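In what follows, a single structure is set out as structure tokens and then discussed.
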Amino acid sequence: MCHIWLSFILAYIALIKFGVPEQNIIIDKASGKDTEREGYQYLKRQMLRKGDTLVIKELDRLSRNKSDIKRELEQLKDMGIRVKILDIPTTLTDFPPEQAWVLEMINAILIEVLGAIAENERNKIRARQREGIEAAKKKNVRFGRPSKPLPDNWEQVLADVRCGNKKPVEAMRELGISRSHYYRLYKSE
């Protein structure tokens, strides 16, 4: 089973066990590298209301950037939304109102440390990715979609188009290629 799907399943199970109703679970398939993810933005703009509690499995699901994490948590707090993070047990604890400052202090320290760890992990991933791309380029590995071969009659059909004897649409039909493929080949000439 793919690691990504396994982590989705484990997060889903953890949220269900915690008591989050199934219809309230948003699974965001995009990377947590930033906060501009469709599922997360939908959650913030459409679902969450003042007085709600947002439960997330891990802090790095908000973002893998420490300043983004802090900003998001502050925005959620300003919106009147309590955030519970399953891998930070102190966020799950209810303190009496007169001791709420203790909870905020402890959570701020934990979030600072865990946010730094998440950001560091993201930086390591990006560095490894860059190293892999550089190594592949040294081995002349080509990236992207493989190029399609030129049609056998390309030169003749192209000459007819350039002379005005044929319209590009007719050329595409005769060559049996799509519009985008035709213009990609045309521009590469």
Side-chain angles (χ1 to χ4, degrees), residues 1-97 99-138 141 143-144:
M1 179 179 284
C2 178
H3 169 73
I4 294 169
W5 283 110
L6 182 60
S7 71
F8 285 148
I9 291 167
L10 293 174
Y12 187 84
I13 291 169
L15 293 170
I16 293 289
K17 280 184 178 179
F18 188 75
V20 177
E22 191 173 351
Q23 68 271 15
N24 291 347
I25 296 176
I26 299 291
I27 295 179
D28 214 346
K29 294 178 180 133
S31 166
K33 68 180 179 177
D34 61 35
T35 59
E36 296 305 315
R37 301 182 311 271
E38 188 177 325
Y40 179 65
Q41 290 302 319
Y42 175 79
L43 174 76
K44 268 180 57 177
R45 292 190 178 113
Q46 302 295 320
M47 293 182 73
L48 291 174
R49 302 284 180 257
K50 185 176 184 167
D52 284 351
T53 299
L54 172 62
V55 180
I56 57 175
K57 184 172 185 305
E58 297 168 347
L59 181 64
D60 67 359
R61 290 313 308 147
L62 282 178
S63 177
R64 292 205 179 111
N65 179 301
K66 187 170 68 169
S67 59
D68 283 351
I69 291 170
K70 290 167 81 173
R71 185 183 62 249
E72 288 301 310
L73 289 172
E74 195 61 40
Q75 283 179 358
L76 292 166
K77 183 180 175 183
D78 291 345
M79 292 168 62
I81 296 164
R82 167 124 189 241
V83 178
K84 292 185 176 187
I85 305 165
L86 298 182
D87 70 344
I88 305 178
T90 56
T91 63
L92 307 176
T93 307
D94 290 319
F95 276 63
Q99 293 180 344
W101 66 273
V102 174
L103 178 65
E104 282 193 34
M105 182 181 67
I106 292 169
N107 287 339
I109 292 167
L110 287 171
I111 287 166
E112 186 74 28
V113 170
L114 294 173
I117 291 169
E119 186 171 344
N120 188 41
E121 284 180 21
R122 175 72 183 147
N123 291 338
K124 279 198 269 183
I125 289 168
R126 292 178 74 201
R128 279 189 239 124
Q129 182 181 33
R130 220 177 5 263
E131 290 167 4
I133 290 170
E134 288 171 12
K137 284 183 177 178
K138 286 179 184 174
V141 173
F143 291 92

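The structure displayed is predicted, hence computed values, not measured ones.
Note that CD1 of I85 is 8.5 Å distant from CG of L92, once rounded to the nearest 0.5 Å. One distance of note links CD1 of I109 with CG of L114; it measures 11.5 Å at 0.5 Å rounding. Note that the CZ atom of R122 and the CG atom of D68 stand 11.5 Å from one another [nearest 0.5 Å].
Listed by chain and residue number, V55, R82, K84 satisfy the side chain to side chain contact (heavy atoms under 4.5 Å, CB included) test with T53 (two or more places apart in sequence, or in another chain). Among residues two or more places apart in sequence or in another chain, the side-chain hydrogen bond (donor to acceptor under 3.5 Å, both in side chains) test is passed with E74 by none. With sequence neighbours left out, the side chain to side chain contact (heavy atoms under 4.5 Å, CB included) criterion links N123 to E119. Annotation: side chain to side chain contact (heavy atoms under 4.5 Å, CB included) contacts of P89 (sequence neighbours excluded): none. In terms of the side chain to side chain contact (heavy atoms under 4.5 Å, CB included) criterion, residue partners of L48 (sequence neighbours excluded) are, by chain and number, L43, D52, L54, L76, I81. Listed by chain and residue number, nothing satisfies the salt bridge (charged side-chain N to carboxylate O under 4.0 Å, His left out) test with R126 (two or more places apart in sequence, or in another chain).
When side chains are defined from C-beta on, K57 does not count as touching F18, because their heavy atoms never get closer than 4.5 Å. Residues L86 and I56 form no side-chain contact, since every pair of their non-hydrogen atoms from C-beta on lies 4.5 Å or further apart.
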Let me check something: any side-chain donor-acceptor pairs from residues 127-134 under 3.5 Å, sequence neighbours excluded? List them with distances.
none

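Within the structure, salt bridge (charged side-chain N to carboxylate O under 4.0 Å, His left out) contacts touching residues 39-50 (residues at least two apart or in different chains) are K44-E72. Pairs passing the salt bridge (charged side-chain N to carboxylate O under 4.0 Å, His left out) check and including a residue from residues 106-116, sequence neighbours excluded, read K66-E112, K70-E112.
Nearest heavy atoms, V83 versus T91: O-CB, 3.9 Å.
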